[in-house]
Amino acid sequence: MPNWLLPENIADVLPSEARKIEELRRLMLDNFRLYGYELVMPPLLEYVESLLTGAGKDTEQRTYKLIDPMSGRMLGLRPDMTTQVARIDAHLLNRDSVTRLCYAGSVLHTHPSGLHATREPLQIGAEIYGHAGLEADAEIQELALASLAMAGFPEVRLDMSHVGVLRAIIAEDEAASKDEAALSALLRAKDCPGLADLTAGYSEATRAALMALPNLYGDIDVLARARDVLPALPGVTRALAELAALAGSALGRAEVAIDLADLRGYQYESGAMFALYVPGLPNAVARGGRYDHVGEAFGRARPATGFSLDLRELARLLPTAERKHSIRAPWGNAPELREKIAQLRTAGEVVIQSLPGHDNEQDEFECDRVLVLEDSNWILKNLG
């Protein structure tokens, strides 16, 4: 095997894609800042006890582990930055007020999360700590939709669910409560035969409600059906009301779909959850939701909600932007040349200054027209 080959689902990022990713990263982080989010940079690795605190079994299985030669303790390479940011909020910032934090960096997965997915996503996200109200969930959802709109994706589908529905249904049934993890897996897979077998010993009311969940999916009208077929438990009523409010705020900005059996991240989340899809990608490009219990796992209970997305996947689908003409100029110190380049940039032209001996590939800049300028006098004469 050639020694330059990379592992499966690991790839270099070449110039044209790297430029897209970096432009996207700057665009989103600048927008997060306008919303009041502060940037943090967690470490790439830390002790697994801290890294996996509050995370579910799926997160642990995605985590690369290694022994620290300095301490002899087990380290983990982060598969997700959310719990790290929760730790920062809980133990380093330690604020009593509402805190908004954002982040961007590489994470590593032992296995790809979906078809054609990379094992080294470039994760970017935003989190709100200290506010339990639905306003925080709505802000995070709005910020996620705004991020995709700014990136140039007008067609977005918003899939929504709520872990409170299942938890309210099984709360009063001891047998069902013990099978919580198995129930969430069967519901997520819409395995109705398996669900029927598992729920055979439950109370009739609990069993009927659970068997109804796999069929409660569709547009926003599915919430009315859910109110008719599910028991009128306080937790169920509250969860459906929250979904109705969040779905209503997104109408007109995204195609909204509800699926009460879609419980991805069930062990991690504690309230409303959402996933965003764009044309051309089978996997969700962004995921978010409420995860209040993670802060509690760090010894400081803090309501929390947030979202994250993979910039590498998003950049692959990024529509080619309409660009003005690009002008490639030589690297020079002539005052006239420097002044002309400044004028062109002010006018919106993209000026690429080539270093001596470098032959930049002009197609990587995705320009409509490239003028190769090799002489300062030629520049000034032909461009005025």
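As the structure is a prediction and not an experimental result, all values here were calculated from the model.
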Item checked: Nearest heavy atoms of A250 and V256, plus distance in Å -> CB-CG2, 4.1 Å
Note to self: Using modelled atom types and a 3.5 Å cut-off, is there a donor and acceptor pairing between side-chain atoms of E17 and backbone atoms of R316?
What the structure shows: no
Next item on the list: Tell me, yes or no, whether the heavy-atom count around M41 atom CE, taken from other residues, nucleotides or ligands under 6.0 Å, exceeds 12.
Entry: no
Checklist line | Partner residues of E22 under the salt bridge (charged side-chain N to carboxylate O under 4.0 Å, His left out) criterion, sequence neighbours left out | finding: R25, R26
Margin query: If you define the side chain from C-beta out and look only at heavy atoms, does anything of Q84 sit under 4.5 Å from P43?
Written below: yes
Check: Are F274 and L263 connected in a single hydrophobic cluster, I mean Ile/Leu/Val/Met/Phe/Trp/Tyr linked by side-chain heavy atoms less than 4.5 Å apart?
Finding: yes
Margin query: Do L309 and L314 make a side-chain contact, defined as non-hydrogen atoms from C-beta onward lying under 4.5 Å apart?
Written below: yes
Margin query: Are L143 and F32 packed together at the side-chain level, in the sense that at least one heavy-atom pair is separated by less than 4.5 angstrom?
Written below: yes
Next item on the list: Identify, with sequence neighbours excluded, every residue that meets side-chain contact (heavy atoms from CB on, under 4.5 Å) alongside P121.
Entry: V107, H109, T118, D310
Notebook entry, point to check: Within a radius of less than 6.0 Å around CD of E49, do more than 12 heavy atoms belonging to other residues, nucleotides or ligands occur?
Noted result: yes
Notebook entry, point to check: Applying the 4.5 Å side-chain criterion to the ILVMFWY set and letting contacts propagate, would L52 and L44 be lumped into a single cluster?
Noted result: no
Check: For S147 and M28, which heavy atoms make the closest approach, and how far apart are they?
Finding: O-CE, 3.6 Å
Check: Is there a donor-acceptor pair closer than 3.5 Å between any side-chain N or O of T63 and the backbone N or O of G76?
Finding: no
Check: Between P279 and L317, what is the shortest heavy-atom contact and its length?
Finding: O-CD1, 4.0 Å
Item checked: Between T99 and R302, a side-chain donor and acceptor under 3.5 Å -> yes
Notebook entry, point to check: Does E120 offer a backbone N or O that forms a donor-acceptor pair with the side chain of R312 under 3.5 Å?
Noted result: yes
Checklist line | Path from Y217 to L187 over hydrophobic side-chain contacts below 4.5 Å | finding: no
Margin query: Is there a side-chain contact between V163 and M273 in this structure, where contact means two heavy atoms from C-beta onward sitting under 4.5 Å apart?
Written below: yes
Next item on the list: Using a strict 4.0 Å threshold on nitrogen-to-oxygen distance, state whether E38 and R33 make a salt bridge.
Entry: no
Note to self: Is the shortest side-chain heavy-atom distance between R253 and V156 below 4.5 Å?
What the structure shows: no
Next item on the list: Please check if atom NE2 in H111 has more than 12 non-hydrogen atoms from other residues, nucleotides or ligands closer than 6.0 Å.
Entry: no
Note to self: Testing the basics here: between T206 and A176, what is the closest heavy-atom pair and its distance to 0.1 Å?
What the structure shows: CG2-CB, 4.1 Å
Notebook entry, point to check: Do the side chains of S308 and R287 get nearer than 4.5 Å, heavy atoms only?
Noted result: no
Checklist line | Backbone N/O of R188 and side chain of D262: donor-acceptor pair under 3.5 Å | finding: no
Check: So, K190 and D259, do they make that salt bridge, N to O below 4.0 Å?
Finding: yes
Item checked: Nearest-0.5 Å distance, CD of residue E313 to CG of residue L311 -> 10.5 Å
Next item on the list: Examine distances only and state if a side-chain atom of T305 and a backbone atom of G289 form a donor-acceptor pair shorter than 3.5 Å.
Entry: yes
For a quick test of your reading: what N or O donor-acceptor pairs under 3.5 Å do the side chains of residues 130-142 make, sequence neighbours left out?
residue, atom, partner, partner atom, Å
H131, NE2, E135, OE1, 3.0
D137, OD1, R290, NE, 3.1
D137, OD1, R290, NH2, 2.9
D137, OD2, R290, NE, 3.3
E139, OE1, R100, NH2, 3.0
E139, OE2, Y37, OH, 2.6
E139, OE2, R100, NE, 2.8
Q141, NE2, L246, O, 2.9
Q141, NE2, S249, OG, 3.4
E142, OE2, Y35, OH, 3.3

Check: Taking C-beta and beyond as the side chain, do P79 and L108 meet within less than 4.5 Å on heavy atoms?
Finding: no
Notebook entry, point to check: Quick one: does R78's side chain have a donor or acceptor within less than 3.5 Å of a partner on S106's backbone?
Noted result: yes
Next item on the list: Check side-chain contact (heavy atoms from CB on, under 4.5 Å) between A226 and all other residues, then give those that pass, not counting sequence neighbours.
Entry: L216, L230, L240, L260
Check: Is it true that Y103 and L101 fall in one hydrophobic cluster, defined by side-chain heavy atoms closer than 4.5 Å?
Finding: yes
Next item on the list: Please round to the nearest 0.5 Å and tell me the distance separating atom CG of L233 and atom CD1 of I170.
Entry: 11.5 Å
Note to self: Among residues at least two apart in sequence or on other chains, which ones pass ring pair (Phe, Tyr, Trp, His ring centres under 6.0 Å) with Y129?
What the structure shows: none
Margin query: Taking side chain to side chain donor-acceptor pair (under 3.5 Å) as the definition, give me every residue that meets it alongside Y64, ordered by chain and number, with sequence neighbours left out.
Written below: R119
Margin query: Check for me, please, whether L251 and F153 land in the same ILVMFWY cluster - side-chain distances under 4.5 Å, paths through other members count.
Written below: yes
Margin query: Can you give me the closest heavy-atom contact between S270 and D292, atom names plus distance?
Written below: OG-N, 2.8 Å
Next item on the list: Look at atom NZ of K178 and say whether more than 12 heavy atoms of other residues, nucleotides or ligands are closer to it than 6.0 Å.
Entry: no
Notebook entry, point to check: Heavy-atom distance under 4.5 Å between the side chains of V278 and E155, does that happen here?
Noted result: no
Note to self: I need the minimum non-hydrogen distance between P42 and V85, along with the two atoms involved.
What the structure shows: CG-CG2, 4.2 Å
Checklist line | Y202 vs D179, side chain to side chain donor-acceptor pair (under 3.5 Å): CA-CA, chis, key distance, verdict | finding: CA-CA 11 Å; Y202 298 175; D179 294 333; 2.6 Å; yes
Notebook entry, point to check: Any donor and acceptor pair, going by atom type alone, linking the side chain of T83 with main-chain N or O of L51 inside 3.5 Å?
Noted result: yes
Item checked: Check ion pair D159-R157 (N to O, under 4.0 angstrom) -> yes
